[in-house]
Amino acid sequence: MFVPCGESVPDLTGFTLLMPAVSVGNVGQLAIDLIISTLNMSKIGYFYTDCLVPMVGNNPYATGEENSTELSINAEVYSLPSRRLVALQLRSIFIKYKTKPFCEKLLSWVKGSNCARVIVLSSSHSYQRNDLQLRSTPFRYLLTPSMQINVQNKMKSLNWEEMEKSPCIPEINDSEFCVRIPGGGITKALYDESCSKEIQMAVLLKFVSEGDNIPDALGLVEYLNEWLQIIKPHVSSEDPTVPSLRWKMPSSWRLLFGSGLPPALF
Amino acid sequence: MAATFFGEVVKAPCRAGTEEEEEEEEEGRRETPEDREVRRQLARKREVRLLRRQTKTSLEVSLLEKYPCSKFIIAIGNNAVAFLSSFVMNSGVWEEVGFAKLWNEWCRTTDTTHLSPAEAFCIFYHLKSNPSVFGSCTRKNTQVTILTCRHVTDYKTSESTGSLPAPFLKALKTQNFKDPACCSLLEQPNIVHDLPAAVLSYCQVWKIPAILYLCYTDVMKLDLITVEAFKPILSSRSLKSLVKNIPQSTEILKKLMTTNEVQSNIYT
């Protein structure tokens, strides 16, 4: 359930909700971190749930002493009212059998708060790509029917690739075709639920392998930015191979691969 | 899936935990009413129950409503519990008011209905001389203190963990906890998870003042030096009034150590 930080519940009518799926490489979550950090979004509440493994830590977006001691939990909501953006960040993995209840609670909150649309940032196993997918861009999008009406033309003008259908049961030759997102966590479940509840939802994902997924996260936010123009698009005089300069990495991304090494090792 | 150096393809675990979800989805499709019933019964068996000490009947009302208090201290793990028992609970008379009974697949005991108090994993005590301060308890009047330990290799720092002065204390506090901590706060990007995180998250969300004292140590079993690392907390506002006799506490602690020492010698 959503619990506001302050006394009153903020009005999110007409806002765009950005959220991650906990998926391979944690790319969606890294991308949301970049968005919250770059836009300096303020925390407006918590999504208090027993569906995620509990975790706490000090402010992951701290910029100095004065804001480094605010406690953060595993699911928090941030907003930027001037751009009508609200972001939900999920920081831990799901507890077994709790993904379905979580999707239900989340979508019921989305409907209740009158958000205009939801954009899910996700990823899928790159080793599961078929031959065609191997040769094309690693980015894909998916729209629910109610969203398609509004943005299909925009997608065409951006020249984006829609997520292809593949055999539902890969081992069987004449299996039906459906959208599969291996490694995507709750992405497919959220998408299916939104279709049946007529929620305007778009899924943006990248095919990735696990490892240092920061470049994948940067790629995904640039992909999102082509559509939403969260930060100004890069100018041709700028070096397009360095997207990292335009997005601010949060201070919590330090030591992603562990502590320093003992000098005696060398 | 990942390829090893020798060319074999192995299934590598995904750190986002998504393999389980795909299994769950397939299980959900094949689930029969019998499976659902089995799962429901298992969930009931795993519920945490709070029981009254003497009668072992359930506590129908919330523990904090029945025993309103201004200070709620929770110690998790053997070193934190030893600290609390020796330094805080040795003064005054502490009455056992209840215990929590729980079972999951990792428990060695199979009998879930008649768990003896010795097997209870969580026991609640309250101080007889000062049972309540502000009468009926609203959440806002309670201050929560949590003590626990973690292995020093969990602590992320740009130096190597081998060079850290273990054991050392770090703190995390909720927004509403206004007193200063007795040690430095846990720096980014360090996090805490499991039970201490669950308690602190609850307190943060519902605006209860709470503080977690985390001892990073390289000895996870009961250890004198680790327990004594919690000592700076004795000067905190919440514990100062509860601590009476430190030399006596040290003696109690030493006795606890010797009774718990496992005499292991392969020659005897």
Side-chain angles (χ1 to χ4, degrees), chain A residues 3 5 21-29 45-46 48 50 53-62 68-75 91-94 96-97 99-100 123 125 127-128 182-189 209-210 250-256 258-265, chain B residues 1-3 9 12-28 39 42-43 152-164 171-177 181 185-207 210 212:
Chain A
V3 181
C5 286
V22 180
S23 57
V24 55
N26 306 97
V27 178
Q29 294 159 284
Y46 309 96
Y48 190 60
D50 63 350
V53 169
M55 68 120 307
V56 288
N58 274 326
N59 182 9
Y61 312 111
S68 66
T69 57
E70 296 158 23
L71 199 67
S72 270
I73 69 166
N74 57 6
R91 300 197 172 97
S92 59
I93 53 176
F94 284 97
K96 208 168 160 73
Y97 305 124
T99 52
K100 201 157 179 287
S123 52
H125 284 304
Y127 73 81
Q128 294 249 16
I186 59 169
T187 308
K188 182 80 187 356
S209 300
E210 220 154 77
S251 50
S252 55
W253 281 21
R254 281 180 64 231
L255 307 172
L256 264 181
S259 294
L261 298 168
L265 199 65
Chain B
M1 302 289 248
V9 175
C14 174
R15 69 179 183 241
T18 55
E19 274 84 28
E20 286 197 359
E21 272 136 28
E22 278 151 38
E23 282 168 31
E24 258 178 67
E25 239 184 79
E26 285 190 33
E27 274 179 41
R39 199 168 289 167
L42 200 60
V152 70
T153 48
D154 276 350
Y155 182 71
K156 293 228 181 90
T157 168
S158 47
E159 312 153 30
S160 129
T161 47
S163 60
L164 292 170
L172 272 179
K173 51 185 183 152
T174 62
Q175 195 127 5
N176 287 58
F177 189 92
L185 295 183
L186 188 63
E187 310 85 356
Q188 292 85 346
N190 289 290
I191 57 168
V192 177
H193 44 84
D194 297 339
L195 182 57
V199 177
L200 210 60
S201 299
Y202 179 90
C203 294
Q204 172 71 2
V205 171
W206 301 112
K207 301 183 173 56
L212 161 66

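The structure presented is a predicted model; accordingly, all values stated were derived computationally and were not measured. For the numbers below, each heavy atom of this structure counts, side chains included, while hydrogens, waters and symmetry mates do not. The chains referred to below are lettered A, B, ... by the order of the sequence lines, with proteins before strands, and numbering in each begins at 1.
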When B:Glu159, B:Gln204, B:His193 are compared by non-hydrogen pairs under 4.5 Å with chain A, the top option:
B:Gln204
Which atoms of A:Leu255 approach chain B - backbone, side chain, both or neither, heavy atom under 4.5 Å:
both
Salt bridge (Lys or Arg N to Asp or Glu O under 4.0 Å) pairs, two or more places apart, involving residues 186-200 of chain B:
B:Lys170-B:Glu187
Could I get the full list of side-chain contact (heavy atoms from CB on, under 4.5 Å) partners for A:Val53, not counting sequence neighbours?
A:Ser92, A:Ile93, A:Ile95
Checking heavy atoms, do the side chain of B:Ser201, its backbone, both or neither come under 4.5 Å from chain A?
both
Measure distances from A:Asn59 to the heavy atoms of chain B and classify the residue's part below 4.5 Å as side chain, backbone, both or neither.
both
Separation of A:Tyr61 OH from A:Ser68 OG (nearest 0.5 Å):
15.5 Å
Can you find a heavy atom in the side chain of B:Tyr155 that is under 4.5 Å from one in the side chain of B:Leu186?
yes
Any donor-acceptor pair under 3.5 Å linking the side-chain atoms of B:Thr153 with those of B:Thr161?
no
Of the listed B:Thr157, B:Leu185, B:Ile191, the one with the largest count of heavy-atom pairs under 4.5 Å with chain A is B:Thr157
